[in-house]
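Below you'll find the structure, written out as structure tokens, and then a few comments.
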2 protein chains.
Amino acid sequence: MKACAHKHPHQRQEMSALTDRLRGHSRKITGPRAAILEILRQHPHPLTNKEILAALPKGQCDLATIYRSMHLLEKTGMVKRFHFGDGASRFELVGEGDDGHHHHLVCTKCAEVVEIDDCFPTEVEQRIAAANGFKAVTHRLEFFGICPECQQTLRLK
Amino acid sequence: MKACAHKHPHQRQEMSALTDRLRGHSRKITGPRAAILEILRQHPHPLTNKEILAALPKGQCDLATIYRSMHLLEKTGMVKRFHFGDGASRFELVGEGDDGHHHHLVCTKCAEVVEIDDCFPTEVEQRIAAANGFKAVTHRLEFFGICPECQQTLRLK
DNA sequence: GTTTCAGTTGCAAATCGTTTGCAATTGACT
DNA sequence: AGTCAATTGCAAACGATTTGCAACTGAAAC
Ligand SMILES: [Mn+2]
Ligand SMILES: [Mn+2]
Ligand SMILES: [Zn+2]
Ligand SMILES: [Zn+2]
């Protein structure tokens, strides 16, 4: 029995580990980047760029810089991009060596997000890939519903 | 044994059936709407609004009208909206009585789309919903990979 | 067939998330 | 401290989508 070999989702990463990873890609550790990483570190859920901006000490960093930073972090595999179906991309820190693949359960009323450990069955995915001659097949999967609190709210109306 | 009771994916619908459904929602059958429905009828895959516009006899209808029509058709349950992760929404006609829930396999190189019949296991989804106290849980799921033709192309480079 | 009017449309302007050009700034190395 | 490529802020540009508004048109009612 393996003891949690690789799936430690949402374990807060050390800031030094993060900056080391950036340096490893020969990138500068700038004020804005450190601030952004700090925000991501503190939030174990996907954040939009605007949410990151709002969480930042005001005037700490321009929105355009956040967009550029997220591209960089995505390219270096330090964050994973998620889509919840509204227009905006959301980003979450990814553990070293992890590819960040996982899924969420989102409340369609209040946007609460729950991290989900289940994944689409590999065998079925492989069968789908093979049946259509596709290679390197992966998937995006998100769940949507009404959270307990919003069920309450609805009942009262 | 039931003979294909409800899942007849992508069976081309009669235009009259479509206009009847719209009338059923007390909406006018206008030139633009008929033209849009005709395009959707002919395409068994999700289309962006811009693709619909391009497929339309030129000048047949304004892009804003297509956006408005897709909202209407979505609200009345005649089309289903899909997200492939690029900015744009895509729409597909939904059979009468069907909710249109299904998934796709998309080539990340050439954007070819394959319709998929598999779905996320209901039992697992229910377990996820129950474990988190969520109600009315559903999911969005799309597969991405490299299609046979693009595998060829890549090999040649 | 004509009248009537709410529903619909085209067009332009507005909005939203995101990208980009550019000149000024700044980490990291010497 | 000096150098220089990488980085940033700011404003303009962009692509998808929405919206205000005046003109227009199905379809129900005469
Ligand atoms: Mn997550
Ligand atoms: Mn489809
Ligand atoms: Zn998965
Ligand atoms: Zn499904």
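Protein chains get the first letters and strands the later ones, always in sequence-line order, with residue 1 at the start of each. Being a predicted model, the structure only gives us computed values, none of them experimental.
Following rounding to the nearest Å, B:Phe84 (CZ) and D:dA16 (P) show an atom-to-atom distance of 16 Å. Distance A:Arg81 CZ to C:dG17 C1': 11 Å, rounded to the nearest Å. Per the geometry, CG belonging to B:Asp62 stands 14 Å off P belonging to D:dT18, to the nearest Å. Going from atom OH of A:Tyr67 over to atom C1' of D:dA12 covers 16 Å, rounded to whole Å. Look at CZ on B:Arg23: it is 13 Å from P on C:dT8, rounded to the nearest Å. For the pair A:Ile52 CD1 and C:dT18 C1', the computed distance is 14 Å after rounding to whole Å. Regarding B:Arg27, its CZ atom lies at a distance of 14 Å from the P atom of D:dA28, rounded to whole Å. As rounded to whole Å, 3 Å separates atom P of C:dG17 from atom NZ of A:Lys50.
Taking for each of B:Ile29 and A:Leu72 the nucleotide of DNA chain D with the nearest heavy atom, the 5'-most of the two is the partner of A:Leu72. Nearest-nucleotide positions on DNA chain D for B:Asn49 and A:Ile66 put A:Ile66 closer to the 5' end.
Judged by distance alone, with hydrogens and angles left aside, the side-chain atoms of A:Arg33 form a donor-acceptor pair with the main-chain N or O of A:Lys28 at under 3.5 Å.
On a pure distance criterion of 3.5 Å, a polar donor-acceptor pair joins the side chain of A:Lys28 and the base of D:dA6.
One distance of note links CZ of A:Phe91 with NE2 of A:His71; it measures 6.5 Å at 0.5 Å rounding. With rounding to the nearest 0.5 Å, the separation of NZ in B:Lys50 from CG in B:Leu63 is 8.0 Å.
A sub-4.0 Å separation between OP1 or OP2 of D:dT17 and a side-chain N or O of B:Ser89 is present. OP1 or OP2 of D:dT8 lies within a sub-4.0 Å distance of a side-chain N or O belonging to A:Thr30.
With D:dG9, D:dT17, C:dA28 as the choices, the nucleotide that has an atom nearest any side-chain atom of A:Thr65 turns out to be D:dG9.
Ring orientation note: the planes of A:Phe143 and B:His139 are nearly perpendicular, at an angle over 60° on the 30°/60° scale.
Among the protein residues, B:Arg68 comes within range of the nucleic acid bases, having at least one heavy atom under 4.0 Å from a base atom. Contacts of A:Ala88 with the nucleic acid, taken as non-hydrogen atoms under 4.0 Å apart, involve only primed sugar atoms and P, OP1 or OP2.
Rounded to 10 degrees, the angle separating the terminal helix axes of the helix from C:dG1-D:dC30 to C:dT30-D:dA1, each built from five base pairs, is 30°.
Contacts of B:Phe82 classified as ring-ring contact (aromatic ring centres under 6.0 Å, His included), with partners at least two apart in sequence or in another chain: B:His102, B:His104.
Crowding of A:Glu149 atom CD: a count of heavy atoms from other residues, nucleotides or ligands under 6.0 Å not exceeding 12.
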Original post:
Should A:Glu115 and A:His45 be marked as a side chain to side chain donor-acceptor pair (under 3.5 Å) after you check the CA-CA gap, both sets of side-chain angles, and the distance that decides it?
Top reply: CA-CA 8 Å; A:Glu115 303 290 325; A:His45 288 319; 2.6 Å; yes

